Every structure is written in structure tokens, then in C-alpha cells.
Peer 1: 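Before I ask anything, here is the structure I am working with.
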Amino acid sequence: MSGIFLMELTHRIKKYVRSSPTAFETWFQSSINFMHIFQAHTMKAARNNKLGLGGLCEDDRANIIVSIWIEVFASIKLSKAILLGSSKVADETAAVRAKWIIQQFSKVIDQLPNPDQDGPITEYTLPFFTFMALIGLRLKEYGVDVEDSEMAQLLKHPNMVGLAITTIVKGKALDYEDMNYVSGGTLDT
């Protein structure tokens, strides 16, 4: 993306998020709902041995959605606008919103294989776990205090923290080569 386009997009997203008290929640919840739909279709296709037929499989569509959210939270301006809100400080409202984000996204994470129990992280699952770690790092960075056991587990996973930090430094979602490099070449495809 060009710098001018990205600046304009950042401005529009911030304007939308601040347009009403429920704008962000509506947008985020819609994304979560689509991810659930795509995950359900993927599971059905897997049971019927029809994954990947007809172009993009639903896995890819859910992955695209989470990659967009990674782009949003990689931006300091956007992540602050979302996590800190109009007060621009780490207050109770920011903590409530952060807990809500974690709660909603945990529903998506719960549908994925657990990397600690079910084997290696794959190219598909990595962005989902990276997004949660990215949220955790942003919350720490902005001083928003949220206790969440799933978040704590992800922040103990060195690959997740490394990927989230690299995403913040790069300022955008990582491609497969970046993810594989940061994770030490351990990704399964």
C-alpha cells in the first residue's frame, strides 16, 4: 500500500471507530461472525474431503479477515483509537473493551487446534494466535490491565511474541516467509 493511501485509510478507520460508541464493536463482531461461518464451512468440507475446491477455501477467507485485523492493530494510531477510545488513556472503559475483544476472539481461537496439545502451528493457524499475542502486547504497551489466562499462555509462547513484535516493527501483517523465518522455520503448511 502506498503511504498516502495508508494514511487516508487510517484516518477513515479512526473516524469510523469514533463515529459512535458501538461502531468498533459492530465491525469487530461482524468479522467474528464471518470467521465462524467460514470455519464451519471448512469443517464440513474437511469431513466431506472437499477442502480447497472452487478457488479460495473458507480457511483462506477467515485468514484474510484476521490478517486485516492484524494490519489494524499493527498501526499505533488505530490500535490506540480502538483500545483506548476517545479518552486516549488506559481507563476502565479501555479494560472493558479489551476484555470484550479477547472474549470475542477467543471464540475463534477455541475452534483452532491448540499448538501446545495438537502439534505444530500451521501457516493457517499462525495469524490467529499472532493476533491474540499482538493484542496482548498492545495492551501492555498502553498500560491496559487485563487478566486473561489464554492471553498469558500466548505471551509465554516465544514464537507468538516474536511474531507480534515483528508485526509491530514492520507495521503490517507478515507474509508466510516472514512468519516462517521468525518462528525458526518450524511452520507446517
Side-chain angles (χ1 to χ4, degrees), residues 1-36 62-110 112 125-175 178-179 182:
M1 275 191 252
S2 74
I4 294 172
F5 177 75
L6 191 56
M7 285 176 23
E8 177 63 26
L9 184 61
T10 300
H11 171 74
R12 287 178 185 223
I13 291 171
K14 277 178 58 177
K15 186 176 177 180
Y16 173 74
V17 167
R18 293 181 176 157
S19 69
S20 83
T22 60
F24 166 74
E25 285 81 359
T26 302
W27 179 29
F28 194 74
Q29 188 60 59
S30 297
S31 297
I32 298 295
N33 292 343
F34 275 112
M35 282 187 249
H36 283 304
N63 201 304
I64 289 168
I65 293 169
V66 78
S67 294
I68 290 168
W69 282 108
I70 288 171
E71 295 278 346
V72 168
F73 279 89
S75 163
I76 293 171
K77 289 180 180 182
L78 293 178
S79 60
K80 277 186 176 179
I82 290 168
L83 293 172
L84 301 180
S86 58
S87 72
K88 300 180 183 180
V89 295
D91 56 13
E92 183 60 31
T93 304
V96 168
R97 178 173 272 183
K99 288 175 188 174
W100 182 84
I101 292 168
I102 294 165
Q103 178 186 31
Q104 298 308 308
F105 202 74
S106 290
K107 295 173 187 174
V108 174
I109 293 284
D110 290 345
L112 299 172
T125 60
L126 191 60
F128 293 91
F129 295 113
T130 301
F131 177 72
M132 280 293 267
L134 180 59
I135 295 291
L137 288 177
R138 287 298 194 196
L139 292 173
K140 280 184 171 187
E141 179 182 357
Y142 303 148
V144 180
D145 187 30
V146 176
E147 290 297 321
D148 183 80
S149 60
E150 191 167 345
M151 181 80 66
Q153 279 301 108
L154 284 172
L155 291 176
K156 288 181 182 176
H157 198 291
N159 283 352
M160 296 304 107
V161 173
L163 288 163
I165 290 170
T166 304
T167 300
I168 289 170
V169 169
K170 194 169 184 179
K172 63 180 189 172
L174 306 177
D175 59 24
D178 291 335
M179 290 187 290
V182 174

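Just so you know, these numbers come straight off a predicted model, no measurement behind them.
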Peer 1: Which pairs of donor and acceptor atoms, one on a side chain in residues 20-28, lie under 3.5 Å apart (sequence neighbours left out)?
Peer 2:
{"unit_1": "S20", "atom_1": "OG", "unit_2": "T22", "atom_2": "N", "d": "3.4"}
{"unit_1": "S20", "atom_1": "OG", "unit_2": "A23", "atom_2": "N", "d": "3.1"}
{"unit_1": "E25", "atom_1": "OE1", "unit_2": "R97", "atom_2": "NH2", "d": "3.2"}
{"unit_1": "E25", "atom_1": "OE2", "unit_2": "R97", "atom_2": "NE", "d": "3.1"}
{"unit_1": "E25", "atom_1": "OE2", "unit_2": "R97", "atom_2": "NH2", "d": "3.1"}
{"unit_1": "T26", "atom_1": "OG1", "unit_2": "T22", "atom_2": "O", "d": "2.9"}

Peer 1: Got a second to check how far L139's CG is from I102's CD1, nearest 0.5 Å?
Peer 2: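 The CG atom of L139 sits 5.5 Å away from the CD1 atom of I102.
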
Peer 1: Report the distance from atom CG of N33 to atom CE of M35, rounding to the nearest 0.5 Å.
Peer 2: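 Here the rounded value is 9.5 Å.
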
Peer 1: Side chains of I32 and Q29: does their closest heavy-atom pair fall under 4.5 Å?
Peer 2: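 When only atoms from C-beta onward are counted, Q29 and I32 do touch, with a gap below 4.5 Å.
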
Peer 1: Report yes if some heavy atom in the side chain of F34 is under 4.5 Å from a heavy atom in the side chain of S31; otherwise report no.
Peer 2: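 F34 does not reach S31 side chain to side chain.
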
Peer 1: Yes or no on side chain to side chain contact (heavy atoms under 4.5 Å, CB included) for Y16 and R12, after CA distance, side-chain angles and deciding distance?
Peer 2: CA-CA 6 Å; Y16 173 74; R12 287 178 185 223; over 6 Å; no

Peer 1: Do I82 and I101 touch side chain to side chain, with heavy atoms closer than 4.5 Å?
Peer 2: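 Touching, per the 4.5 Å side-chain cut-off.
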
Peer 1: Search all heavy atoms of F128 against all heavy atoms of I109 and return the closest pair with its distance.
Peer 2: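 Minimum heavy-atom contact is O-CD1, 3.6 Å.
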
Peer 1: If you round to the nearest 0.5 Å, how far is CD1 of I168 from CG of L163?
Peer 2: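 If I round to the nearest 0.5 Å, the distance is 11.5 Å.
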
Peer 1: If I compare all heavy atoms of R138 with all of S79, which pair ends up nearest, and what's the gap?
Peer 2: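 Answer, listing the atom of R138 first, then S79: NE-OG, 3.4 Å.
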
Peer 1: Looking at K88, I'd like to know if its NZ atom is crowded, meaning that more than 12 non-hydrogen atoms belonging to other residues, nucleotides or ligands lie closer than 6.0 Å.
Peer 2: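 For K88, atom NZ is not crowded (no more than 12 foreign heavy atoms under 6.0 Å).
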
Peer 1: Taking only distance into account, with no hydrogens and no angle test, what donor-acceptor pairs under 3.5 Å do side-chain atoms of residues 89-96 form with protein atoms, sequence neighbours excluded?
Peer 2:
{"unit_1": "D91", "atom_1": "OD1", "unit_2": "T93", "atom_2": "N", "d": "3.3"}
{"unit_1": "D91", "atom_1": "OD1", "unit_2": "A94", "atom_2": "N", "d": "3.0"}
{"unit_1": "D91", "atom_1": "OD2", "unit_2": "S87", "atom_2": "OG", "d": "2.9"}

Peer 1: Might you confirm whether atom OH of Y142 has over 12 heavy atoms from other residues, nucleotides or ligands at distances under 6.0 Å?
Peer 2: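 More than 12 heavy atoms, drawn from other residues, nucleotides or ligands, come within 6.0 Å of this atom.
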
Peer 1: Would a 4.5 Å heavy-atom cut-off, applied to side chains only, mark V66 and F129 as touching?
Peer 2: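 They are not in side-chain contact.
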
Peer 1: Taking all non-hydrogen atoms of both residues into account, name the closest pair between M132 and S106 and its distance.
Peer 2: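 Heavy-atom minimum between the residues: CE-OG, 3.6 Å.
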
Peer 1: For A81 and R18, work out which heavy atoms get closest and say how close.
Peer 2: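 Taking A81 first and R18 second, the nearest heavy atoms are CB-NH2, 3.9 Å.
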
Peer 1: Compare every heavy atom of V144 with every heavy atom of A98, then report the nearest pair and how far apart it is.
Peer 2: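 Nearest heavy atoms, A98 then V144: CB-CG1, 4.1 Å.
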
Peer 1: Which heavy atom of L134 sits nearest a heavy atom of I70, and at what distance?
Peer 2: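 For L134 and I70, the tightest heavy-atom pair comes out as CD2-O, 3.7 Å.
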
Peer 1: Can you check whether I135 reaches F73 side chain to side chain, under 4.5 Å on heavy atoms?
Peer 2: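 Side chain of I135 against side chain of F73, heavy atoms only: contact under 4.5 Å found.
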
Peer 1: For atom NZ of K77, is the number of surrounding heavy atoms from other residues, nucleotides or ligands below 6.0 Å larger than 12?
Peer 2: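 It does not: K77 NZ has 12 such atoms or fewer within range.
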
Peer 1: To the nearest 0.5 angstrom, please state how far the CD1 atom of I76 sits from the OG1 atom of T10.
Peer 2: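 If we round to the nearest 0.5 Å, I76:CD1 and T10:OG1 are 11.0 Å apart.
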
